[in-house]
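Just so we're on the same page: letters track the sequence lines, and every chain starts at 1. In this text, all values refer to a predicted model and were calculated from it rather than measured experimentally.
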2 protein chains.
Amino acid sequence: MENVEREILLSFWKVHILHHAKKKPVIGQWVIRELRRHGYEVSPGTLYPLLARMAGRGWLRCRVDPEGGLRARKEYSLTKKGREVLSFLRDQVEELHREVVLGEEEEPES
Amino acid sequence: MENVEREILLSFWKVHILHHAKKKPVIGQWVIRELRRHGYEVSPGTLYPLLARMAGRGWLRCRVDPEGGLRARKEYSLTKKGREVLSFLRDQVEELHREVVLGEEEEPES
DNA sequence: TGGCCGTATACGGTTGTCGTAATGGGAGGC
DNA sequence: GCCTCCCATTACGACAACCGTATACGGCCA
């Protein structure tokens, strides 16, 4: 696939990020490497604002070594609110999977 | 859930749209109604540019009654290229589902 | 001290999203 | 014929997200 449905894929990766942040703290560079390992390039200019936004919304908590100065690595872990969001998204993924992958229909409304 | 993870949800709906467009032609108003039926509001200012973009990328073909003038309803159906994109996205949905819903791990690379 | 590596930031341009308001055409009433 | 209502799309201006590339900081090691 080309480069253009990143518009869609990026959202999938966001869910992945939340998921991983639940298991263990996540770091910008790690995400970039992980995505590259799977064949996708995400530039810092995309990823870091994304993490910052999720933190700003209260989904992730950012921990940073206060002695580390600027450019110290930042560890993002899932907050309570983030867990709620993730759980909600999980349901949505399941629904999408059920319909698009499994091919099950929903009954039309009267 | 609030209103803010539409940033993620909207991408899911895009996949839904492609999926439906494969089964039968899709119309802007229908999508808006359908989403509302599921409890989500998408405004025309979001949806129509989205459909137009997908058509511009060659994922959807737009058919319109030539006698209908401006504002005639437009039917979007999936093209060959759109089917390829959808098939690719299906795999991605499956992977996301496997990891986030089913909780299966991928083996780390050496 | 100098160079390299890992990490995050800055930034300017492009694209995507948002709500609301406006437009066009068709059908029904009368 | 004309008025009104409904269905559907378009226009638009503001805002948010995304993009790549260039830059900066700090640690480590020779």
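R63(A) has its CZ atom 17 Å from the C1' atom of dT7(C), to the nearest Å. Computed from coordinates, the E5(B) CD to dT17(C) P distance equals 16 Å when rounded to whole Å. Atom P of nucleotide dG19(C) and atom CG of L47(B) are separated by 12 Å, given to the nearest angstrom. Taking atom CD1 of I17(B) as the reference point, atom P of dT17(C) lies 10 Å away to the nearest angstrom. Look at CG on L9(A): it is 13 Å from P on dC18(D), rounded to the nearest Å. The nearest whole Å value for the distance from the CD1 atom in I32(B) to the P atom in dG19(C) is 11 Å. Straight-line distance from the CG atom of D65(B) to the C1' atom of dG26(C): 12 Å, rounded to whole Å. Distance, L51(B) CG to dT10(D) P: 10 Å, rounded to whole Å.
Between S43(B) and dG19(C), a side-chain N or O to OP1/OP2 separation shorter than 4.0 Å is present. Put simply, R33(A) has a side-chain N or O that comes within less than 4.0 Å of OP1 or OP2 on dT7(C).
The pair E7(A)-K14(B) meets the salt-bridge criterion, since a charged nitrogen lies less than 4.0 angstrom from a carboxylate oxygen. A salt bridge does not link R61(B) to E75(B): none of the charged nitrogens lies less than 4.0 Å from a carboxylate oxygen. With respect to E41(B) and R6(B), no salt bridge is recorded, no charged nitrogen being found less than 4.0 Å from a carboxylate O. For the pair E94(B) and R98(B), the salt-bridge criterion is not met [side-chain N within less than 4.0 Å of a carboxylate O]. Under a 4.0 Å N-O distance rule, the pair E99(B)/R90(A) does not qualify as a salt bridge.
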(request) Summarise protein proximity over nucleotides 8-16 of chain C in one line of letters, 5' to 3': B for base, S for sugar-phosphate only, - for none, counting protein heavy atoms closer than 4.0 Å. (result) BBB-----S
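Between W13(A) and Y40(A), the angle of the ring planes lies from 30° to 60°, which puts this pair in the tilted group.
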